[in-house]
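Here's the structure, in structure tokens; my notes come after.
A note on names: the letters A, B, ... follow the listed sequences, proteins ahead of strands, and every chain is numbered from 1. These numbers were taken from a predicted model, which means no experiment stands behind them.
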Amino acid sequence: MIEIEKAYEAKKYEDKIYEKWESSGAFKPKIDKKKKPFVISMPPPNATGVLHLGHAVMLALEDIMIRYNRMQGTPTLWIPGTDHASIATQNKVEQLLAQKKITKYDLGREEFLKEVDKFVKNSQVNIRNQIRKMGSSCDWTRERYTLDKGLTEAVQQVFVKMYKDDLIYRGSRIVNWCPRCESTLADDEVDYKESGEKLYWIKYGPFTLATTRPETKLGDSAVAVNPKDKRYKDMIGKKYMIKGVLGDFEVVVIGDESVDMEFGSGAVKVTPAHSFADFEMAQRNKSAFKKAGINPIKEIIDEKGRMKDNCGKYAGMTTKECRRAIVEDMKEMGIIEKIEDYTHNLSICYRCGYTIEPLISKQWFVNVDKPVIKDGAKKKSIKEKSIEVVKKGEIEIIPEKFNKTYFNWMENLHDWCISRQIWFGHKIPVWYKMDEKSKKEYEKNPEKNRYLLNDKEAICSIEKPDNKNHYVHDPDTLDTWFSSGLWTFSTLGWPDKTEDFKYFHPTSVLETGYDILFFWVARMIIMTTYTLGEIPFKTVYLHGLIRDKNGKKMSKSAGNGIDPLEMIAKYGTDPVRLSLVIGGTPGNDMCLSEDKIEGYRNFINKIWNASRFALMNVSEEDFKKKFNPSMAKSTADKWILTELNSLVKATNIDMEKYNFSEAGMRIYDFLWNKYCDWYLEISKGDHKNPVVLLHVLKTTLKLLHPFIPFVTEKLWELMEEKNMLISEEWPKEDKKTIFKKEAKDLEEVREIISKIRSLRSELKVEPAKKINAIIYAGKQIKLFEEKREVIIRMARLENLQIEEKGKKIEGAKLITHGSMEVYLPLKDMIDTEKETKRIKEEMAKKENIINSISAKLSNEGFVKNAPKELIAREKEKLAELKSELAKMAQNMV
RNA sequence: GGGCGGUUAGCUCAGUUGGUAGAGCGUCUCGUUGACGUCGAGAAGGUCAGAGGUUCGAAUCCUCUACCGCCCACCA
């Protein structure tokens, strides 16, 4: 007999329990080549900072999978780590420096990177603590960081391999450029924001055309029209002189299908150097430009978003300033016809929100269409291969609906721009040969003198080329997703052929939010199938976004955010985990409120108190007894064991199908509504069986452990178990604990008690008032005799008479259950009028059901086509209802 | 513009091969019964968005409509 506190206090135990797990080595798998391991690479949080709910739900779900598999006896590995998140982190540090009025240029590259490292080290300490707070059972001895030496080597090796395969090339193309970050961005790193702008109608030689960006007129080289457009058809191929604010200039008219005849005047000015659509149009119409002798590319905006020197008096202005000035000048010249309000989508940087400036720049790209992966006689592009592994089912995406999204994205993938003009990140392993003079010149200002990097004299190599020539390292760093694309295998020691790599790769599950399916998941598939020729993971499980109570996105500005750490401090980790898992289905967003967390805190306390009761009722001696099915004595024992067995069975199915919410709910229901409300209550009477009481509880604790590891582990410890629960064996089905007859019997007792309770409540008989009851139990007389004490106590009876059968008892209320009858002599306690009304309503309800079932049974089609079992069940139900209805009439006063 | 998804109790959502609907929270009534008031007992509450179709039978499958949401593309 053990006495514990009345309420569970999470704060007192959680940190200690975590420490105990970690120091015991339970998080570290033992490599056993006879067994297939279960592996998850934790999506590495950005090294920028604090844990939010997105991380919390990720950690909760992954820890559930990990603990479940570990308890199955599978060697289980969960690798934690952090991502350097180049742009995000660099921006963050720049912001911090800005508070001290320092820019990165003040510090210089080297010093700035030292600052970033300091910041990252600090963040990592926080992140580690926060991951621990969530109870995550990951293997810290294998923790990795994308800028680790080993991972950096992996990145360089893959780059070199791609370079040798001619998959990587350096080229001048139009790119998304963020003038604030002064870097390129990948297509999917661009966000769009609706913005109220102006549409300027400009007189343009023989045309009038509409534009939102009059300042780009300085870079125009053509006017495009739709070849089907009768108005302009004859002008295609001709050259025109256009009056401009800096004097006249020449354009050629090109015909392009993409021009919308309905929009504006149907004629578009073309600025290939500063618009994606225009760039593509120029490429499609190369010959027209050539014929006209016009160079399509006229660059007018620089990397800082300012007008270039070729823009005369506008040179040096930002594009915005230039627009204002140029519109004024155009007005003066009388070439502005009208200005309209216009709303459209502005492209902005996903990291800093600054307006994107498309411009032409020399960058490194990955060719996604070049056939390079050998597949039998054929060769496949990385894009094709990545589509194939999902199509063939080698990788399964949960929920399935994201397959389509994935294919759609992959199929439309363009060459991936991987170079970033960011200081923080993996340097591109390319070296440029230069003479001494150029090198000196270059090094004075690498940012500005990039043009000196001659890629015809470039060498791709991890080490600096070692000879007498002068070499300059490529100043750029790689897109952060390049390195995270290697995450599943770079963390396992690749390119070294380590034991870890050989044993644990490919990983089992990749669990993450659907919002980074493209950013990360798709890139891991690309990079891994290309580099290793194998998939990175077998299953992708995508969770949804966490929203607030009203389904709104949580954000700082809206003030509706919930801080997981604050909730943990208030309620404990277990409730936070449960509230993030229950009610969530893969791929769907989920609402979270503090109420919900509080509700699960109550559940945790319920478990604590159920255990408290059990511990108080189990003697020293009983503790030592090992449960076996023959110890089940009473009907209640057999019922709860049968229920437990089906719980175990259903839970296992749910866990295998990744239905964690269902699994959690089912265990919740079992513990609260079956174990506590019935079995435990019954146990307070004559039929106490401490061994079963404890066995059922302990099995339930095991099932709950992946969901709520802390409280279950604490209780396990209190039960004086030697092993920690984290390393216990997961419950299996045991057919010997199925007692069909007894389980059904107890359900009948439960039903009778519920019906008496319900009637008492309907008739407003106070709980304190004890009443008499007579049960005609028929064949079940023995069962009801056995359960006499339970019925009296739980239905709050004074006297209970149990007979096999008997006469009607006049004036007593009748409850029926099957062929059983229960009479409650309540004559004096009832409001007759209300009671008559109630009975009439109930009888009407019953009649309705009877009618619909009879209709069904007299329907030829139903009888012919429905399964026999169903028909039999319906018939039985009908008979029962009819007899109950007949008996109900007796209750009419 | 292209694609995907949603619409079930007051709220948040389950519903697994089609067999007349479930949970949590909230609401109402009652209750200091030997673990728990972070509790217990009981109750009310739904034409499963609308219309049509397939079927003996539809929340579930098909078509259309309405409203909501997301992703992708981005038009000057």
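- Residue Ser611(A) places none of its side-chain N or O atoms closer than 4.0 Å to OP1 or OP2 of A35(B).
- Rounded to whole Å, the distance from CD1 on Ile562(A) to C1' on U12(B) is 13 Å.
- Rounded to whole Å, the separation between the P atoms of A49(B) and C13(B) comes to 15 Å.
- Following rounding to the nearest Å, Glu411(A) (CD) and G2(B) (C1') show an atom-to-atom distance of 13 Å.
- Phosphate proximity of A43(B) to Ser758(A): present, with a side-chain N or O under 4.0 Å from OP1 or OP2.
- Here the P atom of nucleotide C75(B) and the CD atom of Glu257(A) are 18 Å apart, to the nearest Å.
- Taking a cutoff of 4.0 Å between a charged side-chain nitrogen and a carboxylate oxygen, Glu876(A) and Arg873(A) do not qualify as a salt bridge.
- Checking the phosphate oxygens (OP1, OP2) of C56(B), a side-chain nitrogen or oxygen of Asn865(A) falls inside 4.0 Å.
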Would you sort out whether Lys684(A) and Glu681(A) count as a salt bridge (Lys or Arg N to Asp or Glu O under 4.0 Å), showing the intermediate values?
-> CA-CA 5 Å; Lys684(A) 286 175 182 173; Glu681(A) 286 302 324; 3.0 Å; yes

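- Distance noted for atom P between U47(B) and U60(B): 16 Å (whole Å).
- Taking side-chain N and O atoms only, Arg612(A) has a distance below 4.0 Å to OP1 or OP2 of C36(B).
- Asn588(A) comes within contact range of the sugar-phosphate backbone alone, with a heavy-atom separation under 4.0 Å but no base atom that close.
- A gap of 23 Å separates the C1' atoms of A9(B) and G5(B), to the nearest Å.
- Counting non-hydrogen atoms under 4.0 angstrom, Val259(A) reaches a base of the nucleic acid.
- If you check U17(B) for Watson-Crick or wobble pairing at under 3.5 angstrom, you find it has no partner at all.
- Pairing for U33(B) is absent, with no Watson-Crick or G-U wobble pair whose two atom distances lie under 3.5 Å.
- Atom-to-atom distance recorded for Glu798(A):CD and Lys770(A):NZ is 6.5 Å, nearest 0.5 angstrom.
- Protein atom CG of Leu413(A) is 10 Å distant from nucleotide atom P of A73(B), rounded to whole Å.
- One P atom belongs to A23(B), the other to A43(B), and the distance between them is 11 Å to the nearest Å.
- Ring orientation note: the planes of Trp608(A) and Tyr8(A) are tilted relative to one another, at an angle of 30° to 60°.
- Spacing between U63(B) and C68(B) at atom P, rounded to whole Å, works out to 22 Å.
- Note that Lys269(A) lies outside the cation-pi zone of Phe207(A), set by a 6.0 Å cut-off to the ring centre and a 45° limit from the axis.
- Only the C1' atoms considered, C74(B) is 27 Å distant from A66(B), to the nearest whole Å.
- The side chain of Ser275(A) approaches C75(B) more closely than any other nucleotide in the set A14(B), C75(B), G19(B).
- One donor-acceptor pair, N or O on each side, does fall under 3.5 Å between the base of C74(B) and the side chain of Asn345(A).
- Counting non-hydrogen atoms under 4.0 angstrom, Ile853(A) reaches a base of the nucleic acid.
- Electrostatic pairing of Lys657(A) and Glu662(A) does not count as a salt bridge here, judged by no charged N lying under 4.0 Å from a carboxylate O.
- Checking A41(B), C72(B), A14(B) against every side-chain atom of Asp677(A), the shortest atom distance belongs to A41(B).
- Closest to the Arg547(A) side chain, of the nucleotides A35(B), C36(B), C70(B), is C70(B).
- Taking a cutoff of 4.0 Å between a charged side-chain nitrogen and a carboxylate oxygen, Glu762(A) and Lys813(A) do not qualify as a salt bridge.
- For the pair Lys228(A) and Glu257(A), the salt-bridge criterion is met [side-chain N within less than 4.0 Å of a carboxylate O].
- Using a 4.0 Å cut-off between a side-chain N of Lys or Arg and a carboxylate O of Asp or Glu, Lys877(A) and Glu874(A) qualify as a salt bridge.
- Of the side-chain N and O atoms in Lys606(A), one or more sit less than 4.0 angstrom from OP1 or OP2 of G40(B).
- Within the 4.0 angstrom heavy-atom criterion, no nucleotide atom of any strand lies near Ala614(A).
- In this structure, G1(B) and C72(B) make a Watson-Crick or G-U wobble pair, each of the two defining distances being under 3.5 angstrom.
- Using a 4.0 Å heavy-atom criterion, one finds that Lys596(A) contacts no nucleic acid atom at all.
- With A14(B), C56(B), G42(B) as the candidates, the nucleotide lying closest to the side chain of Asn859(A) is C56(B).
- Evaluation of atom-type donor-acceptor distances gives a pair under 3.5 Å for the side chain of Glu681(A) against the base of A35(B).
- Here the side chain of Phe862(A) is nearest to one of G40(B), A35(B), G19(B), namely G19(B).
- Taking atom CG on Leu697(A) and atom P on C36(B), their separation rounds to 16 Å, with Å as the unit.
- Within a 6.0 Å sphere centred on CD of Glu400(A), other residues, nucleotides and ligands contribute 12 heavy atoms or fewer.
- Taking every side-chain heavy atom of Pro867(A) into account, G19(B) is the closest of A43(B), G19(B), A35(B).
- Arg757(A) comes within contact range of the sugar-phosphate backbone alone, with a heavy-atom separation under 4.0 Å but no base atom that close.
- Atom CD1 in Ile582(A) sits about 13 Å away from atom P in A14(B), given to the nearest Å.
- Within 4.0 Å (heavy atoms only), Tyr342(A) reaches sugar-phosphate atoms of the nucleic acid but no base atom.
- Taking the nucleotide of RNA chain B with the nearest heavy atom to each of Asn609(A) and Ala866(A), the more 5' of the two is matched to Ala866(A).
- Protein atom OH of Tyr192(A) is 6 Å distant from nucleotide atom C1' of C74(B), rounded to whole Å.
- Residue Leu680(A) is classed as a base contact, given a heavy-atom separation below 4.0 Å to a base.
- One atom, CG of Asn659(A), and another, P of U16(B), lie 10 Å apart when rounded to the nearest Å.
- Between A35(B), C36(B), C13(B), one nucleotide has an atom nearer to the side chain of Asn605(A) than all others, and that is C36(B).
- The residue among Tyr514(A) and Arg873(A) whose nearest nucleotide of RNA chain B is located toward the 5' end is Arg873(A).
- In this structure, the nucleotide among A14(B), C13(B), C71(B) sitting nearest to the side chain of Thr585(A) is A14(B).
- Under the Watson-Crick or G-U wobble criterion, with both distances below 3.5 Å, U27(B) is paired with A43(B).
- With C1' as the reference atom, A58(B) and C72(B) are 34 Å apart, rounded to whole Å.
- The base-pairing partner of A51(B), taking Watson-Crick or G-U wobble contacts with both distances under 3.5 Å, is U63(B).
- With hydrogens and angles left out, the side chain of Lys684(A) and the base of A35(B) share a donor-acceptor pair within 3.5 Å.
- More than 12 heavy atoms of other residues, nucleotides or ligands lie within 6.0 Å of CD in Glu411(A), so this atom counts as buried by the packing criterion.
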With sugar-phosphate taken as primed atoms, P, OP1 and OP2 and all else as base, the protein-contact string of nucleotides 21-33 of chain B at under 4.0 Å (heavy atoms; B, S, -) is ---------SS-B

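- The existence of a salt bridge linking Glu357(A) and Arg213(A) is confirmed by a sub-4.0 Å separation between a basic side-chain nitrogen and an acidic carboxylate oxygen.
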